[in-house]
Each structure stands twice: as structure tokens, then as C-alpha cells.
Amino acid sequence: MYKREQGYHKYDRSLLFASPIADEGPAGKHTKTKNPGEASAKVKNSSPQKTSAFKNCEKNLSSYWLMKSEPESRLEKGVDVKFSIEDLKAEPKQTACWDGVRNYQARNFLRAMKLEEEAFFYHSNCKEPGIAGLMKIVKEAYPDHTQFEKNNPHYDPSSKEDNPKWSMVDVQFVRMMKRFISLAELKTHHQAHKATGGPLKNMALFTRQRLSIQPVTQEEFDFILSLEEEEPS
């Protein structure tokens, strides 16, 4: 298990809210690139991008994440944005770039991610949303090529190749959850924990539910993994 940095609750969370925020749509992983290496070749600068604010506090950022994607087919400007954990597992080396994020706060979270950090793969905007499995970060933030592709539903004409607005990371499949952890089950625990002070009392899935990229605390991460061994509530 990846050893997380200490002090998650101590960093200045205002640093992550520094940019203007416009809530995202149903999920952030809207399209996929079959070969992540091809994506990095399409932009001039593929080095990791971080704001100065993140450089100052990166040691205290979350080491765990929740990342949303849509597992069911949905056309957006003629492009199917479906990408499930099964799709990730089927990719070469079970690895794909996480593109299509168009929200400043979610982008900043992408830029804060470090190699080998773990993330829940969350199925969003579907019949039964919830946590389907685990993946890890295998390449830190670099420019998202889809912002420059005019035929892509997430093309951004205001973004320039010498100063790209949007970033992505590469992720690799780790494993399926031992059982699917539904949003309804997580919400039941969240509501109970608000009264008792339990691990999910402040979980971003409920306090910033529209964000497609969310930090997860050590306490939240461990509690959710413990649910795998229990019968659904």
C-alpha cells in the first residue's frame, strides 16, 4: 500500500480553490486516447504542471483520490464519452490518459497528483453510480491534447499550445472492488457520520458532488475499503 504523506487536514484548502470555479458536468473522463504516449506527442510541453500554490503545499495534499467517468454510452457532439473501469482494464498495459476535465478546481487536483497515488474509479451519470475499482497514477499532470482538437467535444479555442489551460494524468488499473460500493450506500454512511462524526462526514462526494476529481482522506479511503468485507447496508 502506498504510504501517504501526513497532515492532510493541516494544509490550507483555500489554495485549491484559488481559481474560478464552474461546476463540471456528469464526469471528467469524457474521451479516451488508446495510447497515452500518443497524447504527449501532440503538445509541445509535456512536463508536469503545477501552480506556485501547489508547490508550496504539495507535501500536505491528499494521497488518495476519487475520479468519475461515465460507464454508459452517451454522445457528446457526435463522440461517445463512455469510459468504464472495464474499458480501462482492456487498454494496453491497462493504462489510459484521463482527459476531458474542464473545471479549474478539478484541474488543480489533477496537477497535485503524484506517481503511485491511488484513486477510486467512480462510475457516474449511470443507472447505479458508485465506486467500481481502484487505479493508480502512473504519469503526473501534462497538457490535455483534447483541448486543441477541433473535432473533440472538449476543444477549447481559448487554450494555446504554448500556454495550455487544461491538464491530464495517466492512470493504470489496479483492481476491481471486491463488491461494487454504490452511491446510495455511501450516502447512507455519510448521513449517519454527519451526526456521529464518522469518517465520511465531510466527504467531497457529497459536499462538492459535481466535481469529477475529488480528494479522499486517509480515513475515508480506509473506511470505504472496509465496506468491501461487509454486506451492503
Side-chain angles (χ1 to χ4, degrees), residues 2 24-43 46 64-103 106-107 109-110 113 115-149 151-155 166-186 205 209-214 216 221 224-225 228:
Y2 178 79
E24 284 186 289
K29 180 65 178 76
H30 298 287
T31 58
K32 68 178 180 180
T33 298
K34 292 185 177 180
N35 183 349
E38 294 176 358
S40 60
K42 294 182 180 181
V43 291
S46 61
Y64 301 103
W65 307 91
L66 183 147
M67 302 169 72
K68 297 180 181 180
S69 188
E70 299 186 40
E72 298 174 0
S73 289
R74 180 177 68 83
L75 293 180
E76 189 169 329
K77 297 182 180 178
V79 176
D80 192 349
V81 297
K82 172 185 179 292
F83 191 77
S84 68
I85 193 167
E86 290 83 4
D87 293 321
L88 175 61
K89 189 177 180 181
E91 289 288 310
K93 298 183 180 180
Q94 300 183 320
T95 300
C97 60
W98 201 270
D99 56 50
V101 172
R102 296 295 181 269
N103 169 279
R107 178 207 64 184
F109 285 140
L110 285 175
M113 292 176 178
L115 289 177
E116 300 299 316
E117 290 182 344
E118 294 178 287
F120 288 122
F121 194 120
Y122 183 92
H123 282 174
S124 180
N125 196 31
C126 55
K127 293 178 181 177
E128 187 177 24
I131 296 172
L134 284 168
M135 56 190 177
K136 65 180 180 180
I137 309 305
V138 293
K139 183 173 181 179
E140 294 179 10
Y142 62 106
D144 179 347
H145 63 284
T146 65
Q147 65 194 303
F148 307 122
E149 297 174 354
N151 294 328
N152 192 283
H154 304 289
Y155 170 64
W166 307 111
S167 301
M168 62 185 181
V169 298
D170 288 354
V171 298
Q172 185 175 52
F173 174 83
V174 172
R175 68 173 176 87
M176 303 294 289
M177 298 295 283
K178 294 177 183 177
R179 68 176 182 86
F180 186 81
I181 310 295
S182 71
L183 173 62
E185 181 178 354
L186 291 168
L205 184 61
Q209 61 266 32
R210 286 185 59 82
L211 277 178
S212 69
I213 307 294
Q214 303 174 357
V216 175
F221 185 83
I224 291 170
L225 289 184
E228 291 184 296

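Residues take their numbers from the sequence shown, with the count starting at 1.
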Worksheet item: Are F173 and F121 close enough that their ring centres sit under 6.0 Å apart?
Response: no

Worksheet item: Does the distance from a Lys or Arg side-chain N to an Asp or Glu carboxylate O, for R175 and E228, drop under 4.0 Å?
Response: yes

Practice prompt. Would you check, one step at a time, whether the test side-chain contact (heavy atoms from CB on, under 4.5 Å) holds for F83 with D99?
Written response: CA-CA 11 Å; F83 191 77; D99 56 50; over 6 Å; no

Item to complete: Mind listing the closest non-hydrogen atom pair of W166 and N103 along with its distance?
Response: CZ3-N, 3.5 Å

Worksheet item: Taking all non-hydrogen atoms of both residues, which atom of G100 and which atom of T146 are closest, and how far apart?
Response: N-OG1, 4.0 Å

Discussion item. Rounded to the nearest 0.5 Å, what separates atom CG in L225 from atom OH in Y64?
Written reply: 8.5 Å

Worksheet item: Is R107 salt-bridged to D144, cutoff N-O under 4.0 Å?
Response: no

Worksheet item: Could you give the distance from CZ (F221) to CZ (F120), rounded to the nearest 0.5 Å?
Response: 4.5 Å

Discussion item. Is there a side-chain contact between Y122 and L183 in this structure, where contact means two heavy atoms from C-beta onward sitting under 4.5 Å apart?
Written reply: yes

Discussion item. Evaluate M168 against Y142 for side-chain contact (heavy atoms from CB on, under 4.5 Å), listing each step before the verdict.
Written reply: CA-CA 6 Å; M168 62 185 181; Y142 62 106; 3.3 Å; yes

Item to complete: Please name the pair of heavy atoms, one in L110 and one in V169, separated by the smallest distance, quoted to 0.1 Å.
Response: O-CG1, 3.6 Å

Worksheet entry | Sub-4.5 Å side-chain heavy-atom contact between I213 and L66 | no

Worksheet item: Which atom pair, heavy atoms only, marks the closest approach of P71 to K82?
Response: O-CE, 3.2 Å

Worksheet, complete the sentence: When every non-hydrogen atom of I85 is compared with those of H123, the smallest separation belongs to N-NE2, 3.2 Å

Discussion item. Nearest 0.5 Å, please: how far is OG in S124 from CZ in R210?
Written reply: 9.5 Å

Worksheet item: Are R74 and D80 ion-paired here, with the side-chain N under 4.0 Å from a carboxylate O?
Response: no

Worksheet entry | Over all atoms of both residues, closest heavy-atom pair of C97 and H145 | SG-CE1, 4.0 Å

Worksheet, complete the sentence: Paired with M135, the side-chain contact (heavy atoms from CB on, under 4.5 Å) test is passed by just one of E118, M67, Q172, namely M67

Fill in: E116/K136 ion pair, N-O < 4.0 Å
yes

Worksheet item: To the nearest 0.5 Å, what is the distance between CE (M113) and OG (S167)?
Response: 11.0 Å

Worksheet item: Does a side-chain heavy-atom distance below 4.5 Å link L88 with V171?
Response: yes

Discussion item. With a 4.5 Å cut-off on side-chain heavy atoms, are I137 and D170 touching?
Written reply: no

Worksheet entry | Minimum side-chain heavy-atom gap N125-E72 below 4.5 Å | no

Worksheet item: For L115, does its backbone N or O pair with a side-chain atom of E140 as donor and acceptor, under 3.5 Å?
Response: yes

Practice prompt. Report yes if the side chains of H154 and K77 come closer than 4.5 Å at any heavy-atom pair, otherwise no.
Written response: no

Fill in: Side-chain heavy-atom pair K68, L205 within 4.5 angstrom cut-off
yes

Item to complete: Apply the test side-chain contact (heavy atoms from CB on, under 4.5 Å) to residues M177 and I131: give CA-CA distance (whole Å), side-chain angles for both, the deciding distance (0.1 Å), then the verdict.
Response: CA-CA 8 Å; M177 298 295 283; I131 296 172; 3.9 Å; yes

Item to complete: Look at the rings of W65 and F109 and say which category their plane angle falls in: under 30° parallel, 30 to 60° tilted, over 60° perpendicular.
Response: tilted

